[in-house]
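One structure below.
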Amino acid sequence: MARFRGSITKVSRRLGVALSPKAEKYLEKRPYAPGEHGQSRRGKVSEYALQLREKQKMKYLYGVLEKQFRNYYKKAVSQRGVTGDNLVKLLERRFDNVVFRAGFSPSRAGARQLVTHGHLLVNGKKVNIPSYLLKPGDAIEFRQKSQNLDAVTDSLNKAPESRIPSWIQVDKAHKKAVFLTVPEREEVQEPFNEQLVVELYSK
């Protein structure tokens with residue numbers, strides 16, 4: 001299964017935004033692009049560069065490669081409503097993203113691993129596809145053999161209630177969650193401007 005295998009911390013420094021919990025620490029110490037000339041890079045940024053940077057933010061944040069991201073965009077265009085909003089909603093419906101949002105993992109990469117290793121069920125059936133799009137009412141739970149994973153218990157204990165969005169209902173005691181509804185754009189607080197991405201693809 002294709003996924004990004006490079007350094008997410010270097011990408012985070014290049015884009016100027018933390019794309020993982022680990023990257024936050026690196027950005028605090030080195031808030032500039034990687035490489036010998038990282039601190040000296042200045043100058044006017046073109047419109048295209050700005051648009052491309054926003055696309056890169058979204059791709060890396062959700063752990064999606066270029067071809068798959070473009071397919072999400074095409075699907076967003078075909079749906080009713082604002083294309084940018086539709087794109088964000090599609091990405092938020094990804095199984096690995098919802099597992100992360102529910103607090104079962106401190107990162108999307110960790111959530112993706114939980115999914116691909118077959119630890120989780122959706123409506124009682126095993127689903128090991130990170131890109132699986134959840135629908136309102138879908139119930140998520142761990143397989144019997146995966147109920148006592150230390151990493152999941154630790155993540156849930158550390159996840160503050162304020163981090164879990166209102167559109168996901170989480171039962172920490174039983175390690176279960178319900179995807180209640182597709183979030184509205186204003187409910188998704190992420191450091192990107194999807195409208196610039198739409199402008200990029202619209203050219």
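- In this structure, Arg163 forms a cation-pi arrangement with Phe100, its terminal cationic atom sitting closer than 6.0 Å to the ring centre and no more than 45° off the ring axis.
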Derivation of the side-chain contact (heavy atoms from CB on, under 4.5 Å) call for Leu120 and Ile140 = CA-CA 7 Å; Leu120 292 150; Ile140 303 169; 3.8 Å; yes
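- Across Pro130 and Val115, no two heavy atoms sit closer than the pair N-CG1, 3.7 Å.
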task = Carefully, step by step, assess Arg93 and Val98 under the rule side-chain contact (heavy atoms from CB on, under 4.5 Å).
result = CA-CA 7 Å; Arg93 287 174 56 199; Val98 176; 5.7 Å; no
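- Counting only heavy atoms from C-beta outward, the side chains of Thr153 and Lys175 approach each other to under 4.5 Å.
- Within the 4.5 Å cutoff, side-chain heavy atoms of Ile164 are placed close to those of Lys172.
- Rounding to the nearest 0.5 Å gives a distance of 8.0 Å between CD of Gln195 and OG1 of Thr83.
- In this structure, the side chain of Gln189 engages the main chain of Glu186 through a donor-acceptor pair within 3.5 Å.
- For Asp171 against His174, the heavy-atom pair with the smallest separation is OD2-ND1, 2.9 Å.
- Linking Ile, Leu, Val, Met, Phe, Trp and Tyr residues whenever their side-chain heavy atoms come within less than 4.5 Å leaves Val82 and Leu87 in two separate clusters.
- The closest donor-acceptor contact from the side chain of Lys89 to the backbone of Val182 lies at 3.5 Å or more, if one exists at all.
- Judged purely by atom type and a 3.5 angstrom limit, Arg143 uses its side chain to pair as donor or acceptor with the backbone of Gly118.
- In this structure, Arg101 does not pair ionically with Glu187, as no charged nitrogen and carboxylate oxygen lie closer than 4.0 Å.
- Atom OG of Ser107 sits about 11.5 Å away from atom CZ of Arg112, to the nearest 0.5 Å.
- Hydrophobic clustering (ILVMFWY, side-chain heavy atoms < 4.5 Å, transitive): Leu180 and Ile168 are in distinct clusters.
- The number of heavy atoms from other shown groups lying within 6.0 Å of CG (Asp150) does not exceed 12.
- The structure places OH of Tyr72 at 5.0 Å from CG of Leu133, a figure rounded to the nearest 0.5 Å.
- Here Glu141 contributes atom CD and Ser146 contributes atom OG; the two are 11.0 Å apart, rounded to the nearest 0.5 Å.
- For the pair Leu91/Asn97, no side-chain contact is recorded, criterion being any heavy-atom separation below 4.5 Å from C-beta on.
- Remark: the backbone N or O of Ala139 is paired with a side-chain donor or acceptor of Asn123 at under 3.5 angstrom.
- Taking 4.5 Å as the limit, every side-chain heavy atom of Met58 sits out of range of all side-chain heavy atoms of Lys55.
- Follow the hydrophobic side-chain contacts under 4.5 Å out from Ile129 and you never reach Leu121; the two are in separate clusters.
- At a threshold of 4.5 Å between non-hydrogen side-chain atoms, the residues Pro136 and Phe179 count as touching.
- By the 4.5 Å heavy-atom criterion applied to side chains, Arg94 and Arg108 are not counted as neighbours.
- Contact check for Leu90 versus Tyr73: no side-chain heavy atoms found under the 4.5 Å cut-off.
- A distance of 11.5 Å separates OG of Ser155 from CG of Leu149, quoted to the nearest 0.5 Å.
- Using a 4.5 Å heavy-atom cutoff, the side chains of Lys75 and Asn86 are not in contact.
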ask   = Please walk me through it: do Leu50 and Arg53 pass side-chain contact (heavy atoms from CB on, under 4.5 Å)?
value = CA-CA 5 Å; Leu50 287 173; Arg53 185 168 62 186; 3.2 Å; yes
task = Might you work through the side-chain contact (heavy atoms from CB on, under 4.5 Å) test for Leu196 and Leu200, ending with a clear yes or no?
result = CA-CA 6 Å; Leu196 291 180; Leu200 176 67; over 6 Å; no
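- Linking ILVMFWY side-chain heavy atoms closer than 4.5 Å, directly or via other members, places Phe104 and Val178 in two distinct hydrophobic clusters.
- Closest of all the heavy-atom pairs between Ala111 and Ser105 is N-OG, 3.2 Å.
- Phe142 and Val170 fall within the same hydrophobic cluster, defined by Ile, Leu, Val, Met, Phe, Trp and Tyr side-chain heavy atoms under 4.5 Å apart, directly or through other members.
- With rounding to the nearest 0.5 angstrom, the CD atom of Gln56 is 9.0 Å from the CZ atom of Phe69.
- With a 6.0 Å cutoff to the six-membered ring centre and a 45° limit on the axis angle, Arg70 does not count as a cation-pi contact of Tyr201.
- Annotation for Gln169: atom CD does not count as buried by contact number, only 12 or fewer foreign heavy atoms lying within 6.0 Å.
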